[in-house]
Amino acid sequence: MATNRTKVPRPLARQLFVEAGHRCAISTCRATPLEIAHIVPWHRVRKHEFHNMIVLCPNCHTRFDRGDIDRQAMLRYKDLLRLSDPNRVAPDDPSPRAGLLRAYRLFQSDMTTWHTSIAELVLAVTLSSYGFPTGNLESCRTAASLARAATDKLSDLGDEGVTEAANYVFDWSLKWAHDVFDLEESAFNRTREEAGAWAREKLMAFAMLHEEICAALDLGPRELDFFETERSGQNLPDVPLGTRGLWDADAEA
Ligand SMILES: [Zn+2]
């Protein structure tokens, strides 16, 4: 079968081994030693590409070559390897789940930018003794329209649950923005308890969406980071990052 096959470059081989944790990629097998297999056979593609390659033990490799394990199944095993770290999504990954995850992260980021601009407006109003600080309005409006677009995008890609939860976050944020624009007393003067309850409400809105996203991706809520742990050049959201405890508490209750 190996006709003038070029050697698999070492960095690529290493990537493949690491992807499968140096074990046979069939999750119920996990045997060693390992061989590298092409999912669409080498003689048809004649190139080594990460997305078309997988590491298998000799037994599973033989069964794959014989057709005991078919190509669709093997693609699914490859898929499952990718799922083992759901937080890593290549920017050019064309799969629907990667699209949904990217839209979700964009939503979180744009929503956070909007929230920051509203919070800045609150501060500007509080500090200004010369009427409404109209200078802050524009950035607030721009951020709002970006957040609206991100909500629509997420709704397009997500199921009903995702759509509902994303719009809930949006509507909640819009109400807050309106309260600030309308100079509602409640948006400026809050007791400690009110501020705490308000922050919890905001967190729960994001958490609800997170659960819907995870359900759509067939993941437990703690398998996907609540927020990305880093995003270069952007401020992280002012909700606690270590919110895994949120779901732990749920489980214990
Ligand atoms: Zn195996």
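What you see is a predicted model; the values in this text were computed from it and never measured.
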Taken in chain and number order and not counting sequence neighbours, the residues that satisfy ring pair (Phe, Tyr, Trp, His ring centres under 6.0 Å) with H48 are H38, W42
Hey, could you give me the CD1/CG distance between I36 and L12, rounded to the nearest 0.5 Å?
6.5 Å
Those residues that, when tested against R63, pass salt bridge (Lys or Arg N to Asp or Glu O under 4.0 Å) (two or more places apart)
D68
Any chance the rings of W114 and F170 have centres within less than 6.0 Å?
yes
Check: W172 ring centre within less than 6.0 Å of W198 ring centre:
yes
Partners meeting salt bridge (Lys or Arg N to Asp or Glu O under 4.0 Å) with D156 (sequence neighbours left out):
none
So SG of C29 and CG of N59: to nearest 0.5 Å the spacing works out to 7.0 Å
Tell me, please, whether F50 has K78 positioned over its six-membered ring: NZ or CZ under 6.0 Å from the ring centre and within 45 degrees of its axis?
yes
Would D171 and K175 count as a salt bridge (Lys or Arg N to Asp or Glu O under 4.0 Å) if you check the C-alpha gap in whole Å, the side-chain angles of each, and the deciding distance to 0.1 Å?
CA-CA 6 Å; D171 293 342; K175 182 179 180 308; over 6 Å; no
Restricting to ring pair (Phe, Tyr, Trp, His ring centres under 6.0 Å), what partner residues turn up for F107, sequence neighbours left out?
none
Who passes ring pair (Phe, Tyr, Trp, His ring centres under 6.0 Å) against H22, sequence neighbours left out?
F17
Strictly by modelled atom types, are Y104 and Q108 linked by a side-chain donor-acceptor pair under 3.5 Å?
yes
Nearest-0.5 Å distance, CZ of residue F226 to CG of residue L203
5.0 Å
Does CZ belonging to R66 count more than 12 external heavy atoms closer than 6.0 Å?
yes
Residues which pass salt bridge (Lys or Arg N to Asp or Glu O under 4.0 Å) with R148, listed by chain and number, not counting sequence neighbours
D152
Does a sphere of radius 6.0 Å around CD in E164 hold more than 12 heavy atoms from other residues, nucleotides or ligands, not counting ones at 6.0 Å or beyond?
no
